[in-house]
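One structure is given below, encoded as structure tokens.
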Amino acid sequence: MLSSVLSVGLALVAAALIFLSFNVDPVEAYRRIFIGSFGSWYGFSETIVKAIPLMLCAVGLSVAFKARLWNIGAEGQLLMGAIGASWVALTFPDAPAYVVLPSMFGLGFVFGAVWGLVPGALAAKFGTQVAIVSLMMNYVAGRVLEYLVYGPWKGPGEWGFPYTTKFSASAQLPRLAGTRIHYPTLLLGLLLALAFFFVIKRSKFGFEVRVTGENPDVAKYAGMSYFKIALMTMLISGGLAGLAGVGEVAGIQLRLRTGISPGYGYTAIIVAWLSQLNPLLVVPGSLLFGGLLVGGDAIQMIGLPFAAVDMFNGLILLFMVGGEVLTQYKIKVKF
Amino acid sequence: MKGITKRFQNVVANDKVDFSVKSGEVHALLGENGAGKTTLMNILYGLYQADEGDIFVRGEKVLIKSPRDAIKIGIGMVHQHFKLVGSNTVVENIALCLQTDESKTPLKLLKVFRNPLPSVEQRIKELSQRYGLKVDPKAKIWQLSVGEQQRVEIIKALFKGVDVLILDEPTSVLTPAESEQLFKTLQTMTSEGHSVVFITHKLEEAEKISDMVTVLRNGKVVASIETSKTDKRTLARLMVGREILFRLEKAQVAHGEPVLEVKGLKALNDQGLLALKGVSLTVHSSEILGIVGVAGNGQKELAEVITGLRKATEGEIRILGENVTNRSANVVTQLGAAYIPEERIRVGVVQGMSVSDNMVLKSYRSSSFANGFWLKKNYIEEYSKGLVSEYNIVTPSPQAPVTLLSGGNIQRLILAREISGNPKLIIASHPTYGLDVGATEQIRRLLLEQRKNGAAVLLISEDLEEVLSLSDRIIVMFNGAFIGEMPAEKANVDEIGLLMAGVKS
């Protein structure tokens with residue numbers, strides 16, 4: 001807990017120095033970020049909108065990271081989930097909402113899970129690196145999505161934009177009045193965070209995940225199957241990211257198009273680490289980062305590029321990971 | 001080296017050790033695993049600092065604070081695990097140790113930009129020719145066999161101009177032919193005035209190539225003699241020690257049905273060499289079968305194959321009549337087999353998890369600890385609390401992570417976990433290795449108690465005294481095969497010591 005707070009603190013200080021080099025008053029910048037994201041009901045509702053996909057991805061990632069499977073592919077798994085959901089929405093435009101929405105979530109989960117299973121299975125069977133394979137598959141997912149929206153799924157009435165046609169009303173998620181908060185996805189995220197908190201802590205599967213992550217040799221000695229655990233955790237991780245993709249197309253964009261995610265899958269990695277791989281802490285963690293994304297718009301008004309947000313995210317991860325290494329050492333003063 | 005003492009927390013690894021090497025000699029440092037051989041040499045090479053004692057080179061007291069210091073005064077070391085960069089060539093690896101020139105005149109700095117590889121390659125060729133160290137300088141390290149990599153390490157040391165070369169168990173990774181070749185190289189080196197310290201636990205090697213031999217036991221020097229003035233029998237006795245620590249009451253129990261049957265078992269070690277060369281054994285209920293042998297003769301592989309952690313290439317294993325050959329570790333556990341592993345810290349416990357989590361590491365699936373999907377956390381806590389007090393495990397609480405426990409308490413934890421389920425078969429590898437007297441006695445008593453309760457015990461140990469006092473029957477293992485079997489009453493330390501060294505009387 002201390003390391004998380006400390007990392008955020010150090011990142012704030014480091015970013016402040018960079019703001020100064022842009023001739024921007026860091027106190028003013030932070031004030032604007034805070035007011036933009038938490039200072040008004042509108043700002044806060046947008047923060048929640050951004051926190052929803054972060055939450056779903058980060059809960060899944062904490063499970064995979066707990067087993068030491070470095071899934072960097074949540075971004076691609078999210079896109080695949082969006083593609084799965086869009087296929088349902090576009091193929092069955094006339095089906096009633098109570099059939100089509102659950103099917104979208106179902107197929108979105110499956111698509112994301114398959115995208116997660118591939119690097120997991122390759123790692124368990126052939127010893128490849130999950131991080132590298134899952135990262136490469138992000139690009140594949142991105143190209144698949146582009147192919148679809150520029151090609152076969154391109155909507156005829158969209159003026160040549162790479163958009164599909166808008167989903168029919170039954171394939172759109174309900175929103176909280178006056179906001180873009182698609183609350184079914186939000187509830188799903190909160191529920192899954194709670195569920196996986198207990199699964200990791202108190203279930204047989206969670207026990208296996210923890211043992212495997214701590215020491216794979218002991219897991220083998222205890223008769224646990226690494227193959228099974230690698231597949232299960234990557235399936236969960238990919239599936240949850242897929243659900244996040246469903247929420248984005250069915251709740252925000254209302255169609256499939258390029259640019260549906262500003263890197264939620266990557267930011268979720270930082271959220272998961274900052275939350276110490278604890279699914280319950282992921283909830284406040286994703287609100288914090290959702291706020292940063294929203295606040296990023298606000299600081300553009302005082303002459304900073306939006307990339308300042310990415311820089312800040314990167315700094316937090318750097319201090320988290322760097323701090324992790326440093327905790328292995330003891331400070332010794334020599335005279 | 002004079003009066004060297006080194007402690008790791010509570011363990012004394014070296015206790016007032018005196019050790020000296022003359023120029024031009026091969027000095028064998030002999031002792032069982034954990035006797036403190038490698039620690040002593042790591043101190044000489046600057047990897048550790050001694051808590052007490054001094055090091056003298058040619059009569060002058062020296063301070064060796066790092067391997068860099070050691071190399072500067074002509075001491076080199078080849079570790080068991082080589083320190084080479086796999087994707088680079090032999091020449092490049094050796095060129096890496098060139099940067100010892102510390103005078104920083106501008107002219108010398110310019111040299112940084114000169115390609116050193118051709119001259120290094122020339123020098124490697126000279127060295128490999130002179131000492132019979134055949135190796136292709138242009139080959140990439142990953143393409144080389146383990147034996148060739150060792151040659152590269154030796155060339156590297158010679159390249160740095162060492163006078164004293166320390167070799168840590170050099171033959172453990174070599175084939176017999178490669179070992180012969182290494183011995184020839186060492187002879188050439190010593191004839192030119194280099195000295196070699198040869199760390200080993202193999203008696204015949206020490207006898208064959210060394211001029212002097214120093215025997216370490218429990219961190220102390222028990223003898224330092226000229227090799228020609230001693231023999232294997234004496235060395236074996238010095239190395240193993242013969243004083244019996246305790247006499248345990250061993251109840252008379254009639255043996256029952258066979259529990260573990262192994263027939264013609266073959267298996268490979270991690271290097272892919274045949275480590276088990278077709279062994280057969282049977283352990284009955286209420287019987288302790290002791291397997292003795294110097295480490296590295298196939299005992300570890302035997303335990304792992306039986307417990308389902310290593311694949312058998314040939315042969316059959318039956319537990320209570322059921323064929324478990326190449327079945328998973330879980331199947332073996334379900335049949336009632338307990339395993340106390342040799343490397344208990346590495347594979348026996350999850351360090352970062354709590355004592356109670358570790359207590360149910362193998363039984364968490366059973367209906368007493370889980371209903372369906374969920375673990376019965378409260379019951380597990382209570383169960384662990386019971387075991388903690390029953391087995392005298394010293395821990396702040398059952399929720400404390402295992403990292404906080406001492407070695408003896410970790411071993412008690414493992415025993416509590418393995419034995420509490422009343423196993424039919426116990427495979428115990430070096431169960432008291434590295435433990436203090438009290439913990440050792442408690443663990444031996446527990447094993448005898450299990451024997452009384454009808455368990456079959458396969459006890460694998462290097463500790464002759466332990467095997468003699470606990471076992472009903474003893475098998476001596478050497479080089480992947482059983483070379484002697486006897487009832488414990490008729491066993492004789494001298495004879496076993498010789499068998500352990502591979503000498504059939």
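In what follows, chains carry the letters A, B, and so on, assigned in the order in which the sequence lines appear, proteins first and then strands, with residues in each chain numbered from 1. What you see below is based on every heavy atom in this structure, not just the backbone, and it leaves out hydrogens, waters and symmetry mates.
For the pair A/Lys125 and A/Phe227, the distance from NZ or CZ to the six-membered ring centre is under 6.0 Å and the angle to the ring normal is within 45 degrees. With a 6.0 Å cutoff to the six-membered ring centre and a 45° limit on the axis angle, B/Lys376 does not count as a cation-pi contact of B/Tyr383.
For chain A, no part of B/Arg327 is nearby; none of its heavy atoms comes within less than 4.5 Å. Heavy atoms closer than 4.5 Å to chain A are found in both the backbone and the side chain of B/Tyr339.
The residue among B/Thr307, B/Asn358, B/Val332, B/Val349 with the most heavy atom pairs within less than 4.5 Å of chain A is B/Val349.
Using a 4.0 Å cut-off between charged nitrogen and carboxylate oxygen, B/Arg318 and B/Glu316 count as a salt-bridge pair.
Ring geometry, A/Trp70 versus A/Phe65: the interplanar angle falls from 30° to 60°, so the pair is classed tilted.
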